[in-house]
Student: 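Once you've had a glance at the structure underneath, I'll fire off some questions.
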Amino acid sequence: MVWRCRPVVPGWFTEGGDDGGFRLLGTRCTACSAVFFPREDVHCRNPGCRGGGELVEVPLSRRGRVWSYTDGRYRPPAPYVSDPAVPWEPYTLVAVELAAEALVVLGQAAPGVGIGDLAVGMEVEAVPGVLNEDAGTGTVWTTWHWRPVAA
Amino acid sequence: MSARADGGGAGGDVAVLGTGMHAWGKWGRSFVEYGVAAARAALADAGVDWRDVGAVVGADTVRGGYPGYVAGATFARALGWQGARVMSVYAACASGAQAIAAARAQILAGLADVVLVVGADAAPKGFFAPAGGERPDDPDWLRFRVLGATNPAYFGLLARRRMAVHGETPEDFALVKVKNAAAGALNPYARYRRPVTAAEVAASPVVADPLRLLDICATSDGAAALVLASMAYARRHGVADPVRVRAVSTVTPVYPRTVPDLPDIATDSAVGAAPAPCSFRESIARAAYEEAGIGPEELSLAEVYDLSTALELQWYEDLGLCGEGEGARLVREGVTALGGRVPVNVSGGLASFGEAVPAQALAQVCELTRQLRGTAGARQVPGARVGIAVNQGLFGHGGGVLVVR
(Lines give C-alpha, C1' and ligand atoms only; values in the text may rest on other atoms or scores of the structure.)
Protein backbone atom coordinates (compact mmCIF):
# COMPACT_ATOMS: atom_id res chain seq x y z
CA MET A 1 0.00 0.00 0.00
CA VAL A 2 1.12 3.53 -0.73
CA TRP A 3 0.76 5.57 2.45
CA ARG A 4 0.01 9.23 2.09
CA CYS A 5 0.54 11.85 4.79
CA ARG A 6 -2.27 14.34 5.38
CA PRO A 7 -2.54 16.99 8.11
CA VAL A 8 -5.38 16.28 10.55
CA VAL A 9 -6.53 19.86 9.87
CA PRO A 10 -5.22 21.63 6.75
CA GLY A 11 -3.37 24.88 7.34
CA TRP A 12 -2.67 24.58 11.06
CA PHE A 13 1.01 23.72 10.69
CA THR A 14 3.73 23.50 8.07
CA GLU A 15 3.96 20.23 6.19
CA GLY A 16 6.84 18.12 5.05
CA GLY A 17 9.59 20.10 6.74
CA ASP A 18 12.19 18.56 9.00
CA ASP A 19 12.05 19.22 12.75
CA GLY A 20 13.92 22.48 12.42
CA GLY A 21 11.45 23.98 9.99
CA PHE A 22 8.24 22.79 11.60
CA ARG A 23 5.90 25.57 12.75
CA LEU A 24 2.34 25.99 13.89
CA LEU A 25 0.50 28.44 11.63
CA GLY A 26 -1.90 31.08 12.86
CA THR A 27 -3.29 34.26 11.39
CA ARG A 28 -2.70 37.89 12.28
CA CYS A 29 -5.04 40.84 11.75
CA THR A 30 -3.27 43.58 9.83
CA ALA A 31 -5.49 46.23 11.44
CA CYS A 32 -5.00 45.43 15.16
CA SER A 33 -2.17 42.82 15.09
CA ALA A 34 -4.27 40.27 17.04
CA VAL A 35 -3.01 36.71 16.51
CA PHE A 36 -5.30 33.70 16.20
CA PHE A 37 -4.65 30.01 16.66
CA PRO A 38 -6.40 27.92 15.45
CA ARG A 39 -6.34 30.24 12.45
CA GLU A 40 -9.22 32.68 12.06
CA ASP A 41 -9.67 33.44 8.36
CA VAL A 42 -13.04 35.22 8.23
CA HIS A 43 -13.46 37.83 11.00
CA CYS A 44 -11.04 39.46 13.42
CA ARG A 45 -12.48 38.56 16.85
CA ASN A 46 -10.94 41.50 18.71
CA PRO A 47 -13.95 43.68 19.66
CA GLY A 48 -11.65 46.70 19.79
CA CYS A 49 -10.38 46.22 16.24
CA ARG A 50 -11.19 49.20 14.01
CA GLY A 51 -11.72 46.78 11.10
CA GLY A 52 -10.63 46.97 7.50
CA GLY A 53 -7.68 44.66 8.02
CA GLU A 54 -6.81 41.34 6.50
CA LEU A 55 -6.07 38.09 8.26
CA VAL A 56 -2.66 36.98 7.06
CA GLU A 57 -0.96 33.67 7.81
CA VAL A 58 1.86 33.80 10.36
CA PRO A 59 4.09 31.06 11.77
CA LEU A 60 3.94 30.88 15.57
CA SER A 61 6.95 30.73 17.86
CA ARG A 62 8.60 27.34 17.71
CA ARG A 63 9.27 27.25 21.43
CA GLY A 64 7.24 28.03 24.52
CA ARG A 65 6.94 27.18 28.20
CA VAL A 66 4.66 24.62 29.82
CA TRP A 67 1.58 26.29 31.39
CA SER A 68 0.23 22.96 32.58
CA TYR A 69 -0.05 19.30 31.58
CA THR A 70 -2.14 16.21 32.19
CA ASP A 71 -2.84 12.84 30.61
CA GLY A 72 -5.75 10.67 29.55
CA ARG A 73 -5.80 7.36 31.38
CA TYR A 74 -9.08 6.34 29.77
CA ARG A 75 -9.80 6.03 26.06
CA PRO A 76 -11.47 9.23 24.77
CA PRO A 77 -14.68 8.91 22.76
CA ALA A 78 -14.98 9.51 19.00
CA PRO A 79 -14.04 11.53 17.05
CA TYR A 80 -10.70 10.63 18.66
CA VAL A 81 -9.48 7.66 16.63
CA SER A 82 -8.22 4.61 18.51
CA ASP A 83 -8.48 0.88 18.02
CA PRO A 84 -10.63 -0.65 20.77
CA ALA A 85 -8.88 -3.98 20.16
CA VAL A 86 -5.54 -2.48 21.23
CA PRO A 87 -4.88 -1.80 24.93
CA TRP A 88 -5.20 1.93 25.68
CA GLU A 89 -1.93 3.84 25.93
CA PRO A 90 -2.48 7.17 27.76
CA TYR A 91 -1.65 10.29 25.78
CA THR A 92 -0.03 13.28 27.47
CA LEU A 93 -1.59 16.70 26.94
CA VAL A 94 0.46 19.89 27.32
CA ALA A 95 -0.70 23.52 27.44
CA VAL A 96 2.12 25.76 26.26
CA GLU A 97 2.53 29.53 26.69
CA LEU A 98 4.00 31.26 23.65
CA ALA A 99 5.54 34.52 24.84
CA ALA A 100 5.63 36.48 21.56
CA GLU A 101 2.02 35.65 20.69
CA ALA A 102 0.84 35.92 24.34
CA LEU A 103 -1.38 32.87 24.10
CA VAL A 104 -1.58 29.27 25.32
CA VAL A 105 -1.73 26.41 22.79
CA LEU A 106 -2.63 22.85 23.70
CA GLY A 107 -1.15 19.80 22.06
CA GLN A 108 -0.25 16.21 22.70
CA ALA A 109 3.28 15.51 23.89
CA ALA A 110 5.67 13.67 21.58
CA PRO A 111 5.62 9.86 21.89
CA GLY A 112 7.43 8.68 25.00
CA VAL A 113 7.00 11.97 26.86
CA GLY A 114 4.99 11.28 30.00
CA ILE A 115 3.80 13.23 33.00
CA GLY A 116 7.06 12.53 34.82
CA ASP A 117 9.07 14.20 32.06
CA LEU A 118 7.28 17.55 32.36
CA ALA A 119 7.14 20.49 34.76
CA VAL A 120 5.30 23.81 34.67
CA GLY A 121 7.64 26.43 33.19
CA MET A 122 9.76 23.90 31.26
CA GLU A 123 10.76 24.89 27.71
CA VAL A 124 9.18 22.81 24.94
CA GLU A 125 9.14 22.99 21.15
CA ALA A 126 6.61 22.10 18.46
CA VAL A 127 7.62 19.09 16.37
CA PRO A 128 5.85 17.13 13.63
CA GLY A 129 3.94 14.07 14.80
CA VAL A 130 1.57 11.35 13.74
CA LEU A 131 -1.94 11.37 15.20
CA ASN A 132 -3.13 8.09 13.74
CA GLU A 133 -2.84 5.86 10.69
CA ASP A 134 -5.85 4.74 8.68
CA ALA A 135 -5.03 1.48 6.90
CA GLY A 136 -8.37 1.57 5.10
CA THR A 137 -7.44 4.64 3.09
CA GLY A 138 -3.66 4.41 3.46
CA THR A 139 -3.62 7.75 5.24
CA VAL A 140 -1.14 8.88 7.88
CA TRP A 141 -2.84 11.72 9.75
CA THR A 142 -0.20 14.19 10.88
CA THR A 143 -0.32 16.68 13.75
CA TRP A 144 1.94 18.72 16.03
CA HIS A 145 3.52 17.48 19.22
CA TRP A 146 5.20 19.30 22.09
CA ARG A 147 8.62 17.95 23.08
CA PRO A 148 10.89 19.13 25.90
CA VAL A 149 13.91 21.05 24.66
CA ALA A 150 17.09 19.24 25.61
CA ALA A 151 18.84 21.23 28.33
CA MET B 1 -31.83 53.40 36.99
CA SER B 2 -33.34 53.39 40.46
CA ALA B 3 -34.22 50.21 42.26
CA ARG B 4 -37.87 49.27 42.09
CA ALA B 5 -40.05 49.59 45.15
CA ASP B 6 -40.57 45.83 45.34
CA GLY B 7 -36.92 44.90 45.67
CA GLY B 8 -33.30 45.69 44.99
CA GLY B 9 -31.26 44.87 41.93
CA ALA B 10 -31.26 46.42 38.51
CA GLY B 11 -34.69 45.25 37.50
CA GLY B 12 -36.42 44.21 40.70
CA ASP B 13 -36.93 40.88 42.41
CA VAL B 14 -38.87 37.86 41.30
CA ALA B 15 -40.25 35.39 43.82
CA VAL B 16 -39.33 31.72 43.99
CA LEU B 17 -42.72 30.20 44.80
CA GLY B 18 -41.89 26.56 44.31
CA THR B 19 -39.01 24.10 43.91
CA GLY B 20 -39.08 20.52 42.69
CA MET B 21 -36.55 17.86 41.81
CA HIS B 22 -36.31 14.32 40.56
CA ALA B 23 -33.60 12.37 42.34
CA TRP B 24 -30.28 12.10 40.46
CA GLY B 25 -29.04 8.68 39.40
CA LYS B 26 -28.95 6.40 36.39
CA TRP B 27 -32.58 5.52 35.98
CA GLY B 28 -32.69 4.56 32.30
CA ARG B 29 -35.77 6.60 31.48
CA SER B 30 -36.55 9.63 29.30
CA PHE B 31 -35.60 13.15 30.31
CA VAL B 32 -39.26 14.07 29.82
CA GLU B 33 -40.33 11.80 32.66
CA TYR B 34 -37.78 13.31 35.03
CA GLY B 35 -38.67 16.86 34.04
CA VAL B 36 -42.39 16.36 34.48
CA ALA B 37 -41.86 14.82 37.93
CA ALA B 38 -39.78 17.85 38.96
CA ALA B 39 -42.29 20.27 37.43
CA ARG B 40 -45.24 18.69 39.25
CA ALA B 41 -43.29 18.79 42.51
CA ALA B 42 -42.49 22.50 42.00
CA LEU B 43 -46.11 23.35 41.18
CA ALA B 44 -47.30 21.46 44.26
CA ASP B 45 -44.69 23.20 46.41
CA ALA B 46 -45.88 26.57 45.07
CA GLY B 47 -49.55 25.69 45.38
CA VAL B 48 -50.04 26.81 41.77
CA ASP B 49 -52.30 25.03 39.29
CA TRP B 50 -50.47 24.23 36.04
CA ARG B 51 -53.30 25.88 34.10
CA ASP B 52 -52.52 29.18 35.86
CA VAL B 53 -48.91 29.21 34.64
CA GLY B 54 -48.43 31.98 32.08
CA ALA B 55 -45.16 30.82 30.57
CA VAL B 56 -42.95 27.75 30.58
CA VAL B 57 -39.20 27.78 29.92
CA GLY B 58 -37.35 24.54 29.23
CA ALA B 59 -33.60 24.15 29.63
CA ASP B 60 -32.54 21.96 26.71
CA THR B 61 -30.64 18.72 26.63
CA VAL B 62 -28.96 17.72 23.40
CA ARG B 63 -28.43 14.22 24.66
CA GLY B 64 -32.07 13.24 24.77
CA GLY B 65 -32.39 13.14 20.99
CA TYR B 66 -34.61 15.46 18.98
CA PRO B 67 -37.11 16.36 21.75
CA GLY B 68 -34.31 17.91 23.75
CA TYR B 69 -34.06 20.73 21.26
CA VAL B 70 -37.62 21.76 22.09
CA ALA B 71 -37.62 21.11 25.83
CA GLY B 72 -40.10 23.86 26.75
CA ALA B 73 -42.82 22.54 24.47
CA THR B 74 -41.96 18.94 25.33
CA PHE B 75 -42.57 19.53 29.04
CA ALA B 76 -45.67 21.65 28.31
CA ARG B 77 -47.15 18.88 26.16
CA ALA B 78 -46.46 16.24 28.80
CA LEU B 79 -48.09 18.37 31.49
CA GLY B 80 -51.06 19.03 29.17
CA TRP B 81 -50.98 21.89 26.70
CA GLN B 82 -52.77 24.85 28.19
CA GLY B 83 -51.68 27.67 25.88
CA ALA B 84 -48.85 29.19 27.93
CA ARG B 85 -46.03 31.17 26.33
CA VAL B 86 -43.14 28.78 25.73
CA MET B 87 -39.35 29.04 25.34
CA SER B 88 -36.44 26.61 25.11
CA VAL B 89 -32.92 27.56 26.13
CA TYR B 90 -29.60 25.90 25.38
CA ALA B 91 -26.46 27.19 27.07
CA ALA B 92 -24.63 23.97 28.01
CA CYS B 93 -24.03 23.88 31.80
CA ALA B 94 -25.50 27.39 32.07
CA SER B 95 -28.80 26.29 30.47
CA GLY B 96 -30.69 26.28 33.77
CA ALA B 97 -29.39 29.72 34.77
CA GLN B 98 -30.28 31.15 31.37
CA ALA B 99 -33.74 29.57 31.58
CA ILE B 100 -34.17 31.42 34.87
CA ALA B 101 -32.97 34.60 33.15
CA ALA B 102 -35.57 34.16 30.40
CA ALA B 103 -38.35 33.55 32.93
CA ARG B 104 -37.29 36.50 35.06
CA ALA B 105 -37.18 38.84 32.06
CA GLN B 106 -40.75 37.89 31.12
CA ILE B 107 -41.95 38.48 34.68
CA LEU B 108 -40.17 41.83 35.07
CA ALA B 109 -41.45 42.91 31.64
CA GLY B 110 -44.99 42.15 32.73
CA LEU B 111 -45.45 39.47 30.06
CA ALA B 112 -46.24 36.74 32.61
CA ASP B 113 -47.09 36.65 36.31
CA VAL B 114 -46.00 33.10 37.01
CA VAL B 115 -43.48 31.02 35.04
CA LEU B 116 -42.48 27.37 35.26
CA VAL B 117 -38.79 26.63 34.57
CA VAL B 118 -37.76 23.01 33.97
CA GLY B 119 -34.46 21.28 33.21
CA ALA B 120 -33.91 17.54 32.87
CA ASP B 121 -31.41 15.17 31.34
CA ALA B 122 -30.72 11.51 30.74
CA ALA B 123 -26.94 11.48 30.44
CA PRO B 124 -24.74 8.87 28.76
CA LYS B 125 -22.24 6.87 30.78
CA GLY B 126 -18.65 8.06 30.72
CA PHE B 127 -17.19 11.07 28.92
CA PHE B 128 -19.37 13.67 27.29
CA ALA B 129 -18.61 13.79 23.56
CA PRO B 130 -19.62 16.00 20.65
CA ALA B 131 -22.29 14.97 18.15
CA GLY B 132 -21.21 12.51 15.46
CA GLY B 133 -20.10 12.93 11.87
CA GLU B 134 -17.11 14.68 10.31
CA ARG B 135 -17.42 18.28 11.50
CA PRO B 136 -14.02 19.99 11.28
CA ASP B 137 -15.67 23.41 11.41
CA ASP B 138 -16.66 22.75 15.06
CA PRO B 139 -13.89 23.60 17.57
CA ASP B 140 -15.47 21.25 20.11
CA TRP B 141 -15.34 18.37 17.62
CA LEU B 142 -11.75 19.30 16.78
CA ARG B 143 -10.49 19.21 20.36
CA PHE B 144 -11.60 15.59 20.59
CA ARG B 145 -10.35 14.64 17.12
CA VAL B 146 -6.97 16.37 17.28
CA LEU B 147 -6.14 16.28 20.99
CA GLY B 148 -8.34 13.55 22.47
CA ALA B 149 -9.05 16.21 25.09
CA THR B 150 -12.04 15.16 27.21
CA ASN B 151 -13.59 17.50 29.78
CA PRO B 152 -11.58 15.87 32.62
CA ALA B 153 -8.40 16.64 30.66
CA TYR B 154 -9.16 20.35 31.15
CA PHE B 155 -9.93 19.77 34.84
CA GLY B 156 -6.51 18.07 35.08
CA LEU B 157 -4.74 21.01 33.44
CA LEU B 158 -6.28 23.42 35.96
CA ALA B 159 -5.46 21.14 38.91
CA ARG B 160 -1.81 20.72 37.88
CA ARG B 161 -1.48 24.46 37.32
CA ARG B 162 -2.84 25.16 40.82
CA MET B 163 -0.35 22.70 42.29
CA ALA B 164 2.54 24.43 40.50
CA VAL B 165 1.47 28.01 41.21
CA HIS B 166 -0.21 27.77 44.62
CA GLY B 167 1.45 24.68 46.07
CA GLU B 168 -1.80 22.78 46.41
CA THR B 169 -1.67 19.01 46.72
CA PRO B 170 -3.90 16.08 45.74
CA GLU B 171 -4.68 15.81 49.45
CA ASP B 172 -6.16 19.34 49.37
CA PHE B 173 -8.32 18.35 46.40
CA ALA B 174 -9.51 15.23 48.25
CA LEU B 175 -10.71 17.41 51.16
CA VAL B 176 -13.26 18.96 48.79
CA LYS B 177 -14.67 15.55 47.91
CA VAL B 178 -14.77 14.51 51.57
CA LYS B 179 -16.63 17.72 52.46
CA ASN B 180 -19.15 17.50 49.60
CA ALA B 181 -19.79 13.78 50.10
CA ALA B 182 -20.53 14.43 53.78
CA ALA B 183 -23.13 17.05 52.78
CA GLY B 184 -24.54 14.92 49.96
CA ALA B 185 -25.10 12.06 52.37
CA LEU B 186 -27.76 14.30 53.96
CA ASN B 187 -29.55 15.06 50.66
CA PRO B 188 -32.29 12.67 49.50
CA TYR B 189 -32.02 13.96 45.89
CA ALA B 190 -28.29 13.21 45.58
CA ARG B 191 -27.11 10.21 43.58
CA TYR B 192 -24.24 9.37 45.96
CA ARG B 193 -25.30 9.40 49.58
CA ARG B 194 -22.32 7.87 51.34
CA PRO B 195 -19.53 9.69 53.16
CA VAL B 196 -16.15 9.38 51.40
CA THR B 197 -12.73 9.38 53.05
CA ALA B 198 -9.54 10.97 51.77
CA ALA B 199 -8.05 7.48 51.61
CA GLU B 200 -10.83 6.39 49.26
CA VAL B 201 -10.15 9.36 46.98
CA ALA B 202 -6.43 8.54 46.97
CA ALA B 203 -7.17 4.88 46.15
CA SER B 204 -9.41 5.67 43.18
CA PRO B 205 -7.86 5.40 39.70
CA VAL B 206 -6.23 8.39 38.01
CA VAL B 207 -8.41 9.75 35.19
CA ALA B 208 -6.46 12.84 34.14
CA ASP B 209 -3.31 13.40 36.19
CA PRO B 210 -3.37 14.64 38.96
CA LEU B 211 -7.12 14.05 39.28
CA ARG B 212 -8.63 10.72 40.27
CA LEU B 213 -12.05 9.25 39.67
CA LEU B 214 -13.40 10.59 42.97
CA ASP B 215 -12.08 14.09 42.15
CA ILE B 216 -14.32 14.25 39.07
CA CYS B 217 -18.07 14.38 38.85
CA ALA B 218 -20.04 11.60 37.19
CA THR B 219 -22.73 11.90 34.54
CA SER B 220 -26.26 11.37 35.83
CA ASP B 221 -29.93 11.51 35.02
CA GLY B 222 -31.86 14.11 36.97
CA ALA B 223 -34.26 17.02 36.89
CA ALA B 224 -35.11 20.23 38.71
CA ALA B 225 -37.83 22.83 38.34
CA LEU B 226 -38.78 26.21 39.76
CA VAL B 227 -42.00 28.20 39.85
CA LEU B 228 -41.08 31.89 39.59
CA ALA B 229 -43.56 34.75 39.98
CA SER B 230 -43.84 38.50 40.21
CA MET B 231 -43.74 39.92 43.74
CA ALA B 232 -47.31 41.13 43.23
CA TYR B 233 -48.47 37.64 42.28
CA ALA B 234 -46.68 36.19 45.30
CA ARG B 235 -48.47 38.64 47.62
CA ARG B 236 -51.85 37.85 46.03
CA HIS B 237 -50.97 34.20 46.47
CA GLY B 238 -50.47 34.77 50.20
CA VAL B 239 -46.67 34.61 50.23
CA ALA B 240 -45.52 37.87 51.80
CA ASP B 241 -41.83 37.07 52.25
CA PRO B 242 -40.69 34.69 49.52
CA VAL B 243 -37.14 33.78 48.61
CA ARG B 244 -36.29 36.17 45.77
CA VAL B 245 -34.05 36.03 42.74
CA ARG B 246 -32.23 39.36 42.83
CA ALA B 247 -29.67 38.91 40.04
CA VAL B 248 -28.98 36.57 37.14
CA SER B 249 -25.61 36.80 35.45
CA THR B 250 -25.39 35.52 31.89
CA VAL B 251 -22.21 37.25 30.72
CA THR B 252 -19.78 36.00 28.07
CA PRO B 253 -16.02 36.09 28.55
CA VAL B 254 -14.19 39.29 27.60
CA TYR B 255 -11.60 39.25 24.79
CA PRO B 256 -8.77 38.40 25.06
CA ARG B 257 -9.40 35.38 27.30
CA THR B 258 -5.83 34.49 28.25
CA VAL B 259 -6.44 31.55 30.61
CA PRO B 260 -7.49 28.16 29.19
CA ASP B 261 -10.62 28.01 31.37
CA LEU B 262 -12.87 26.65 28.62
CA PRO B 263 -12.24 23.50 26.62
CA ASP B 264 -10.65 25.11 23.59
CA ILE B 265 -7.51 24.31 21.61
CA ALA B 266 -5.88 27.64 22.48
CA THR B 267 -6.58 30.87 24.35
CA ASP B 268 -6.99 34.28 22.74
CA SER B 269 -3.81 36.23 22.13
CA ALA B 270 -3.09 39.28 24.26
CA VAL B 271 -1.17 40.84 21.35
CA GLY B 272 -2.98 43.97 20.21
CA ALA B 273 -5.42 44.03 23.14
CA ALA B 274 -4.96 44.32 26.89
CA PRO B 275 -5.85 41.16 28.82
CA ALA B 276 -9.34 41.13 30.30
CA PRO B 277 -9.48 42.63 33.81
CA CYS B 278 -10.69 39.34 35.29
CA SER B 279 -11.19 35.74 34.29
CA PHE B 280 -14.44 34.39 32.82
CA ARG B 281 -15.49 32.75 36.09
CA GLU B 282 -14.68 35.87 38.11
CA SER B 283 -16.73 37.98 35.72
CA ILE B 284 -19.78 35.72 36.18
CA ALA B 285 -19.72 36.29 39.94
CA ARG B 286 -18.86 39.96 39.65
CA ALA B 287 -21.78 40.66 37.30
CA ALA B 288 -24.20 38.97 39.71
CA TYR B 289 -22.85 40.92 42.70
CA GLU B 290 -23.05 44.23 40.81
CA GLU B 291 -26.58 43.61 39.64
CA ALA B 292 -27.71 42.64 43.14
CA GLY B 293 -25.77 45.35 44.95
CA ILE B 294 -24.47 42.62 47.24
CA GLY B 295 -20.86 41.59 47.84
CA PRO B 296 -19.20 38.29 48.68
CA GLU B 297 -18.88 39.26 52.35
CA GLU B 298 -22.67 39.12 52.63
CA LEU B 299 -23.03 35.54 51.38
CA SER B 300 -24.52 32.97 53.74
CA LEU B 301 -23.67 30.12 51.38
CA ALA B 302 -22.77 29.28 47.77
CA GLU B 303 -23.44 26.50 45.30
CA VAL B 304 -20.61 26.19 42.77
CA TYR B 305 -19.96 23.93 39.80
CA ASP B 306 -17.53 21.41 41.26
CA LEU B 307 -16.90 19.53 38.03
CA SER B 308 -13.68 18.64 39.79
CA THR B 309 -12.44 19.09 43.33
CA ALA B 310 -9.69 21.47 42.19
CA LEU B 311 -12.22 23.59 40.30
CA GLU B 312 -14.19 24.15 43.52
CA LEU B 313 -11.07 25.70 45.09
CA GLN B 314 -10.77 27.97 42.07
CA TRP B 315 -14.39 29.08 42.49
CA TYR B 316 -13.67 30.21 46.09
CA GLU B 317 -11.26 32.73 44.62
CA ASP B 318 -13.46 33.63 41.66
CA LEU B 319 -16.37 34.29 44.04
CA GLY B 320 -14.20 36.55 46.20
CA LEU B 321 -14.45 34.31 49.28
CA CYS B 322 -10.65 34.54 49.57
CA GLY B 323 -7.64 35.89 47.74
CA GLU B 324 -5.87 34.23 44.83
CA GLY B 325 -4.13 31.05 45.85
CA GLU B 326 -5.97 30.78 49.18
CA GLY B 327 -8.64 28.27 48.11
CA ALA B 328 -6.98 25.29 49.75
CA ARG B 329 -6.67 27.14 53.04
CA LEU B 330 -10.44 27.64 53.13
CA VAL B 331 -11.21 23.95 52.75
CA ARG B 332 -8.44 22.94 55.18
CA GLU B 333 -9.83 25.29 57.83
CA GLY B 334 -13.41 24.15 57.33
CA VAL B 335 -14.57 27.62 56.25
CA THR B 336 -16.59 26.12 53.37
CA ALA B 337 -17.95 23.09 55.23
CA LEU B 338 -21.31 22.89 56.97
CA GLY B 339 -20.82 24.89 60.15
CA GLY B 340 -18.13 27.05 58.54
CA ARG B 341 -18.28 30.77 57.76
CA VAL B 342 -19.41 30.33 54.13
CA PRO B 343 -20.57 26.77 53.45
CA VAL B 344 -20.13 25.79 49.79
CA ASN B 345 -22.06 23.01 48.08
CA VAL B 346 -24.14 22.03 51.08
CA SER B 347 -26.36 20.18 48.58
CA GLY B 348 -23.43 17.83 48.06
CA GLY B 349 -22.56 19.51 44.77
CA LEU B 350 -21.81 17.75 41.54
CA ALA B 351 -19.58 15.47 43.59
CA SER B 352 -22.74 13.93 45.05
CA PHE B 353 -25.17 14.54 42.18
CA GLY B 354 -23.16 14.13 38.99
CA GLU B 355 -23.96 16.18 35.93
CA ALA B 356 -27.48 16.32 34.52
CA VAL B 357 -26.51 19.33 32.46
CA PRO B 358 -29.70 21.38 31.94
CA ALA B 359 -30.99 20.55 35.43
CA GLN B 360 -27.96 21.30 37.56
CA ALA B 361 -28.13 25.11 37.69
CA LEU B 362 -31.82 24.82 38.60
CA ALA B 363 -30.98 22.26 41.28
CA GLN B 364 -28.51 24.74 42.75
CA VAL B 365 -31.29 27.33 43.07
CA CYS B 366 -33.64 24.70 44.56
CA GLU B 367 -31.02 24.12 47.26
CA LEU B 368 -30.49 27.84 47.92
CA THR B 369 -34.25 28.35 48.15
CA ARG B 370 -34.66 25.55 50.69
CA GLN B 371 -31.75 26.93 52.69
CA LEU B 372 -33.17 30.47 52.67
CA ARG B 373 -36.59 29.13 53.66
CA GLY B 374 -34.93 27.32 56.55
CA THR B 375 -36.29 23.95 55.42
CA ALA B 376 -33.04 22.17 54.49
CA GLY B 377 -33.17 19.80 57.44
CA ALA B 378 -29.85 18.33 58.54
CA ARG B 379 -28.07 20.42 55.87
CA GLN B 380 -29.48 23.71 57.12
CA VAL B 381 -27.12 26.68 57.23
CA PRO B 382 -28.35 28.61 60.30
CA GLY B 383 -29.87 31.98 59.48
CA ALA B 384 -29.15 31.80 55.74
CA ARG B 385 -30.21 35.06 54.02
CA VAL B 386 -28.11 35.38 50.85
CA GLY B 387 -26.92 32.68 48.47
CA ILE B 388 -25.24 32.53 45.09
CA ALA B 389 -25.21 29.72 42.55
CA VAL B 390 -22.57 29.85 39.82
CA ASN B 391 -21.62 27.73 36.88
CA GLN B 392 -19.70 28.09 33.66
CA GLY B 393 -21.31 26.87 30.45
CA LEU B 394 -19.28 25.33 27.65
CA PHE B 395 -18.59 27.61 24.67
CA GLY B 396 -18.71 30.76 26.88
CA HIS B 397 -22.14 30.80 28.50
CA GLY B 398 -22.09 32.53 31.88
CA GLY B 399 -24.46 31.40 34.61
CA GLY B 400 -24.87 32.96 38.04
CA VAL B 401 -28.01 33.36 40.16
CA LEU B 402 -28.11 35.39 43.37
CA VAL B 403 -31.04 34.84 45.75
CA VAL B 404 -32.00 36.65 48.94
CA ARG B 405 -34.57 36.58 51.64
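Here is how names work: the chains are called A, B, and so on, in the same order as the sequence lines, proteins then strands, and each is numbered from 1. Quick note: numbers below take in every heavy atom, side chains included, and nothing from hydrogens, waters or symmetry partners.
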Student: Under 3.5 Å, which donor-acceptor pairs link chain B to chain A? Give each pair on its own line with the distance.
Tutor:
unit_1   : atom_1 : unit_2   : atom_2 : d
B/Arg145 : NH1    : A/Asn132 : OD1    : 3.3
B/Arg145 : NH2    : A/Asn132 : OD1    : 3.0
B/Leu147 : O      : A/Gln108 : NE2    : 3.0
B/Gly148 : O      : A/Tyr91  : OH     : 2.5
B/Leu157 : O      : A/Ser68  : OG     : 2.6
B/Arg161 : N      : A/Ser68  : OG     : 3.3
B/Arg161 : NH1    : A/Trp67  : O      : 3.1
B/Val207 : O      : A/Arg73  : N      : 3.0
B/Asp209 : N      : A/Thr70  : OG1    : 3.3
B/Asp209 : N      : A/Asp71  : OD1    : 2.9
B/Asp209 : O      : A/Thr70  : OG1    : 2.6
B/Ile265 : O      : A/Leu106 : N      : 2.9
B/Thr267 : N      : A/Val104 : O      : 2.9
B/Thr267 : OG1    : A/Val104 : N      : 2.9
B/Asp268 : OD1    : A/Arg45  : NH1    : 3.4
B/Ser269 : OG     : A/Glu101 : O      : 2.5
B/Ala270 : N      : A/Ala102 : O      : 3.0

Student: Suppose we screen for side-chain contact (heavy atoms from CB on, under 4.5 Å). Which residues come up paired with B/Ser95, at least two apart in sequence or across chains?
Tutor: B/Ala59, B/Tyr90, B/Ala91, B/Pro358

Student: Taking only residues two or more places apart in sequence, or in another chain, which ones meet B/Glu326 in a salt bridge (Lys or Arg N to Asp or Glu O under 4.0 Å)?
Tutor: B/Arg329

Student: Heavy-atom pairs under 4.5 Å with chain A: which of B/Ala273, B/Pro260, B/Ala164 has the most?
Tutor: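 Highest number of heavy-atom pairs under 4.5 Å: B/Pro260.
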
Student: Out of A/Gly107, A/Cys32, A/Ala119, A/Pro79, return the one with the most heavy atom pairs under 4.5 angstrom to chain B.
Tutor: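 That would be A/Pro79.
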
Student: Specify which of B/Gly272, B/Gly156, B/Gly148, B/Ala153 makes the most heavy-atom pairs with chain A at under 4.5 Å.
Tutor: B/Gly148

Student: Between B/Pro130 and A/Ala78, which heavy-atom pair has the shortest distance, and what is it?
Tutor: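 Closest approach of B/Pro130 to A/Ala78: CD-O, 4.2 Å.
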
Student: Test side-chain contact (heavy atoms from CB on, under 4.5 Å) on A/Val8 and B/Leu142; report intermediate values, then the result.
Tutor: CA-CA 9 Å; A/Val8 62; B/Leu142 282 168; over 6 Å; no

Student: Can you tell if the side chain of B/Pro139 reaches within under 4.5 Å of the side chain of A/Pro38, non-hydrogen atoms only?
Tutor: no

Student: Under the side chain to side chain donor-acceptor pair (under 3.5 Å) test, which residues partner B/Gln360, sequence neighbours left out?
Tutor: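 If we apply the side chain to side chain donor-acceptor pair (under 3.5 Å) test to B/Gln360, skipping adjacent residues, the hits are B/Trp24.
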
Student: Which residue out of B/Val165, B/Leu211, B/Leu158, B/Val207 racks up the most heavy-atom pairs below 4.5 Å with chain A?
Tutor: B/Val207

Student: Which of the residues A/Gly48, A/Ala100, A/Gly72, A/Pro47 is involved in the greatest number of heavy-atom pairs with chain B at under 4.5 angstrom?
Tutor: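 Highest number of heavy-atom pairs under 4.5 Å: A/Pro47.
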
